[in-house]
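Here the structure comes first, spelled out in structure tokens, and everything after it is commentary.
Proteins come first, then strands; the chains are lettered A, B, ... in the order of their sequence lines, and each starts at number 1. Computed from a predicted structure; not experimentally measured.
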Amino acid sequence: MLQVHFIRENKQRVLDGLAKRNFANAETIVDQVLTADENRRKTQVSLDEALAESNKLSKEIGAFFKSGEKQKAILLKEKSGQLKEQSKEMSVSLQAFSDELQGLLYLIPNIPHASVKAGNSEADNEEIYKEGSIPVLGENALPHWELAKKYDIIDFELGTKIAGAGFPVYKGKGARLQRALINYFLDKNTKAGYTEIQVPHLVNEASGIGTGQLPDKEGQMYHVGEDDLYLIPTAEVPITNIFRGNLVQESDFPITYTGYTPCFRREAGSYGAHVRGLNRLHQFDKVEIVRVEHPENSYKALNGMVEHIKDILRELKLPYKILRLCGGDTGFTAAITFDFEVFSTAQDRWLEISSASNFENFQANRLKLRFKNKEGKSELAHTLNGSSLALPRVLAAILENYQTEDGIQIPEVLIPYCGFDIIN
RNA sequence: AGAGAGGUGGCCGAGUGGUCGAAGGCGCACGCCUGGAAAGUGUGUAUACGGCAACGUAUCGAGGGUUCGAAUCCCUUCCUCUCUGCCA
């Protein structure tokens, strides 16, 4: 959520930013925000005056009762009654203006960073980096869902029986490889200074609002009606919400966490060949990194996260590229997002396996996550996160790219974690 | 899930209808004291919104109510603790 005073003081900048996202009706909504804000402030001034008068009267009434001047007190009581009615009306309209303002602010996405190009869809994303060589596979190379069946390491039908499509069952060496990846990622992250943390997999409504999943995108999350909880779509939600409402010290920065969680996504509206196998699931595993940073340091931190993820992909020896998402493809809450894609050779396509974003103070404003700055004032912090990494597509790429006549070789760095070096 | 107790500032804790944004302590900051430190001592120390500012308003888990006036009384709700039940 953008801050109202920021919009008030930087209207053109906001409009230019929204234009990069191809955000419809930007000018209308921004004007509505400014009007609601002005109404809110005006109303608050009159309400404050009425309440101040009320408070004054109450004190006088008390004094008159004490000194036994009942008549005077009764007179003032009448006056106070009238004031009370007025202030009640005003506080109702103040609430209405505040709600209206809040509702409008929830509709406005984050303003893209200067380096983010305008664009509508993934076709407009910019490739900014590429590394690794694409392996040459034999004639009879198989896509990962065939390999999974051939070596009996992932059973999609069984998952369908137990839960539904998009809930695979990992078996034997497949399950072991999953666990190896989780451990390897967590070890890499903790070595890079991130503190490992285990968090709830269900969150309340306030948490969903804090990181930006609510009120808009309920449809993407599984909801447990009985208890009004949401299954997390990513560890970003519980981890970032650790800091909801917090006032941290400047000396606490950088705050860095890593956590493994399963992620649950309804993926309403997804269909077609691209969702085959591990490409798109309702439940998948992911290791996430989250940072809370001083605003002056957040872009340096983002760069560090990108380098860290590069290092992991290099170790796994997977060919990958990095995209800077265009305005239209950048998520609602992010100011900038770098997507990492690995090449899945047998499918002959790139798969997104990580996304690293700087939210600047957009989430922090929703979370009310602040720090005391050098002047002793509280200021919104910056939040960032990235996947390091999302498991299924890494697994898909490993299965496909490392397949040989004899079986699937295990990337060297994972062998100690797996306890075997080939799946056959 | 049932019964009882409770939720007050960064922390502990007093406060049962009026001058209470809230005593006292701890912690923290700055000063004095000291060769330096500890101890001692003095002062300061919540957040949000509005206002150029002086300042005003709101906030004692949250929401509503009673009252001229609520941290204090009433209702609802969330959370914590103890006991009972159930259970990995």
Where at least one partner belongs to residues 181-200 of chain A, residue pairs that pass salt bridge (Lys or Arg N to Asp or Glu O under 4.0 Å), sequence neighbours excluded: A:K188-A:D311, A:K188-A:E315
Pairing residues for A:K368 by the side-chain hydrogen bond (donor to acceptor under 3.5 Å, both in side chains) criterion, not counting sequence neighbours: A:N365
Distance in angstrom units between A:E250 CD and B:A29 C1', rounded: 16 Å
Residue pairs fulfilling side chain to side chain donor-acceptor pair (under 3.5 Å) with at least one residue in residues 95-105 of chain A, sequence neighbours excluded: A:Q95-A:D99, A:Q102-A:Y106
Donor-acceptor contact present, side-chain A:H382 to main-chain A:H294, <3.5 Å: no
Whole angstrom value for the distance that separates P of B:C49 from CZ of A:R8: 10 Å
Atom pair distance, as rounded to whole Å: CD in A:Q3 and C1' in B:C49: 13 Å
Going by atom type alone, with no hydrogens or angles, which donor-acceptor pairs under 3.5 Å involve a side-chain atom of residues 394-401 of chain A and a protein atom two or more places apart or on another chain?
from	atom 1	to	atom 2	distance (Å)
A:E400	OE1	A:S344	OG	2.6
A:E400	OE1	A:A346	N	3.1
A:E400	OE1	A:Q347	N	3.1
A:E400	OE2	A:H144	N	2.9
A:E400	OE2	A:H144	ND1	2.9
A:E400	OE2	A:S344	OG	3.4
A:E400	OE2	A:Q347	NE2	3.2
A:N401	OD1	A:T345	N	3.0
A:N401	OD1	A:T345	OG1	2.7
A:N401	ND2	A:F343	O	2.9

Summary of salt bridge (Lys or Arg N to Asp or Glu O under 4.0 Å) pairs that have at least one residue in residues 237-255 of chain A, sequence neighbours excluded: A:E250-A:K374
Residue pairs, two or more places apart or on separate chains, that pass salt bridge (Lys or Arg N to Asp or Glu O under 4.0 Å) and touch residues 71-87 of chain A: A:E69-A:K72
Could you list all N or O pairs between the protein and nucleotides 44-48 of chain B that sit under 3.5 Å apart?
from	atom 1	to	atom 2	distance (Å)
B:U47	OP1	A:K372	NZ	2.2
B:A48	OP1	A:S378	OG	2.6

Contact pattern, 5' to 3', of nucleotides 57-76 of chain B - B, S or - by protein heavy atom under 4.0 Å: SS--------BBS-------
Set of side-chain hydrogen bond (donor to acceptor under 3.5 Å, both in side chains) partners for A:N246, sequence neighbours left out: none
Pairs where residues 322-333 of chain A contributes a residue and the test salt bridge (Lys or Arg N to Asp or Glu O under 4.0 Å) is met, not counting sequence neighbours: A:E126-A:R324
Partner residues of A:Q82 under the side-chain hydrogen bond (donor to acceptor under 3.5 Å, both in side chains) criterion, sequence neighbours left out: none
Consecutive-pair stems (3 or more, Watson-Crick or G-U, under 3.5 Å) for RNA chain B: B:1-7 with B:78-84, B:10-12 with B:24-26, B:27-32 with B:40-45, B:46-50 with B:55-59, B:61-65 with B:73-77
